[in-house]
Amino acid sequence: MNKIVVVLLLLTGSLNAQDFVYDYIERYKSISIEEMNKTGIPASITLAQGMLESNWGRSELSMKANNHFGLKCGGNWDGNTFMWEDDEYHNDNLIQSCFRSFDYPEESFYEHSMFIKTKDRYQFLFDYDITDYKSWAHGLRKAGYATDPNYADKLIKIIEKYGLYEYDMQYMPISEEFVQNKLSEIDNKEYTITYINGSKVVIAKKGDSPVSISKSIGVLAEEILKYNDNIKRKYQLFDDGDYVFIEEKKSSYSGTDSFYYAKKGETLEDVSQKYGVDVKSLAKMNNFNKYKKLKNGEIIKLKNVPSDVNPEKQSWVNNNSKDSRFLFDEPLTPKK
């Protein structure tokens with residue numbers, strides 16, 4: 001084989017191998033920043049720990065139990081559990097340990113924050129500056145977070161290699177009092193309600209969250225998380241014009257288009273929000289992972305169509321989420 005071709009193949013393989021790293025950062029940087037602002041734990045530390053502990057979201061524990069930090073059950077844990085072989089031995093035999101299991105990976109980020117925030121042995125860490133990730137990394141090792149003697153160095157290497165320290169600059173502490181005050185301000189807020197693919201949708205305003213919308217329209221915040229695959233947190237902030245589903249999405253698109261042409265970097269979750277098609281159905285129809293980053297112009301099925309249908313003959317769909325073709329009914333004003 002030509003040497004140049006071999007080199008190009010190796011480089012391509014190397015770049016593709018890094019995709020999962022950047023996908024992980026892109027998905028979990030927001031929750032890491034949010035937890036930093038709530039608890040004072042540097043986002044770079046949380047993100048690096050998640051990457052290292054979960055093998056970038058690819059370990060059995062993270063994939064089957066959504067546990068990205070190796071959090072064990074402990075005496076007070078009353079949630080779901082997952083038995084997994086880790087580092088516990090009995091009579092020189094490796095035995096299964098009880099680990100916490102979560103419905104969503106983001107829940108393990110909450111529990112990780114609470115674990116560090118509430119344990120006495122970690123309290124000295126909060127004397128370090130939020131940007132002093134090196135002291136935090138060595139402090140975690142000193143406090144016994146991990147048995148690996150190189151744990152701190154591994155965290156620091158990840159943080160510096162991928163520039164995670166930049167996220168620590170977004171530190172803006174949020175107090176519970178601040179949250180409650182913001183919620184009281186929106187008790188009487190009214191929302192425009194419309195339909196996408198036959199499912200009811202709220203058009204959010206900048207600064208809204210699932211909790212604030214819940215308080216105004218009477219749909220549980222947990223239900224909002226369930227209906228919107230791209231919404232992971234109760235206090236996740238929306239921008240003006242974001243569509244928030246308050247009913248289940250359909251399993252296929254009932255509009256005229258059978259295909260969607262993706263923009264680079266979009267995921268099936270993004271397509272799901274635009275068309276009101278359940279992301280699991282989209283993933284099954286297209287044989288994709290729902291978190292896969294799509295390529296520019298990549299063809300996505302919106303409904304099951306005969307295999308001989310040529311997508312090039314289908315009408316192209318505008319990527320603009322405000323396109324009127326995404327809306328099937330006139331906006332409705334909720335009754336008081």
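- Side-chain atoms of Glu111 never come within 3.5 Å of backbone atoms of Glu107 as a donor-acceptor pair (strictly under, hydrogens ignored).
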*Please lay out, stage by stage, how Cys73 and Phe82 fare under the test side-chain contact (heavy atoms from CB on, under 4.5 Å).*
CA-CA 9 Å; Cys73 297; Phe82 180 75; over 6 Å; no
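- Here Asp239 pairs with Lys206 in a salt bridge; the nearest charged N to carboxylate O distance falls below 4.0 Å.
- Between the side chain of Asp278 and the backbone N or O of Glu248, no donor-acceptor pair lies under 3.5 Å.
- Checked by atom type, the side-chain pair Tyr133/Glu160 shows a donor-acceptor distance below 3.5 Å.
- Considering only heavy atoms from C-beta on, Asp103 comes within 4.5 Å of Asn80 through its side chain.
- Residues Tyr275 and Tyr253 place their aromatic rings such that the two centres sit under 6.0 Å apart.
- With salt bridges taken as basic N to acidic carboxylate O contacts below 4.0 Å, one links Lys29 and Glu26.
- Checked by atom type and distance alone, the side chain of Arg141 pairs as donor or acceptor with a backbone atom of Ala146 at under 3.5 Å.
- Here Phe102 and Trp77 bring their ring centres to under 6.0 angstrom of each other.
- Remark: side-chain polar atoms of Ser272 are paired, donor with acceptor, to backbone N or O of Val277 under 3.5 angstrom.
- Ser113 and Lys38 share no side-chain donor-acceptor pair at under 3.5 Å.
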TODO: Go through Ser97 and Met83 one step at a time and tell me if the side-chain contact (heavy atoms from CB on, under 4.5 Å) criterion holds.
DONE: CA-CA 5 Å; Ser97 302; Met83 301 303 295; 5.8 Å; no
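- Remark: aromatic rings of Phe69 and Phe115 are distant, center separation not under 6.0 Å.
- Between Tyr28 and Phe109, the two ring planes are parallel [angle under 30°; tilted spans 30° to 60°].
- Side-chain atoms of Ser108 and Asn67 include no donor-acceptor pair closer than 3.5 Å.
- Of the possible polar contacts, one joining the Ser212 side chain to the Ser209 backbone as a donor-acceptor pair under 3.5 Å is found.
- Listed for the Arg27 side chain is no donor-acceptor partner under 3.5 Å among the backbone atoms of Tyr24.
- Checked against the 6.0 Å centroid criterion, the rings of Trp136 and Phe126 qualify as a close aromatic pair.
- Within the 4.5 Å cutoff, no side-chain heavy atoms of Leu61 are placed close to those of Asn66.
- Asn228 contributes a side-chain N or O that, together with a main-chain N or O of Ile224, makes up a donor-acceptor pair within less than 3.5 Å.
- Using a cutoff of 4.0 Å between basic side-chain nitrogens and carboxylate oxygens, Lys274 and Glu266 are scored as salt-bridged.
- A cation-pi contact, defined as under 6.0 Å to the ring centre and within 45° of the axis, is absent between Lys205 and Phe238.
- Under the 3.5 Å distance criterion, with hydrogens and angles disregarded, a donor-acceptor pair is assigned to the side chains of Gln273 and Lys249.
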TODO: Evaluate the criterion side-chain contact (heavy atoms from CB on, under 4.5 Å) for residue pair Ile45 and Ile159; output intermediate values, then yes/no.
DONE: CA-CA 8 Å; Ile45 288 291; Ile159 290 170; 4.0 Å; yes
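- Side-chain contact of Asn296 with Tyr261: a donor-acceptor pair under 3.5 Å is absent, judged by distance alone.
- Lys263 has no carboxylate O lying under 4.0 Å from a charged side-chain N of Asp270, or vice versa, which leaves the two without a salt bridge.
- Residues Glu53 and His68 have side chains that never bring a donor and an acceptor to within less than 3.5 angstrom of each other.
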**Report entry** Test side-chain contact (heavy atoms from CB on, under 4.5 Å) applied to Tyr227 and Glu223, step by step
**Finding:** CA-CA 6 Å; Tyr227 300 145; Glu223 294 293 296; 2.7 Å; yes
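- For the 3.5 Å distance criterion, the side chains of Thr131 and Asp129 qualify, holding a donor opposite an acceptor.
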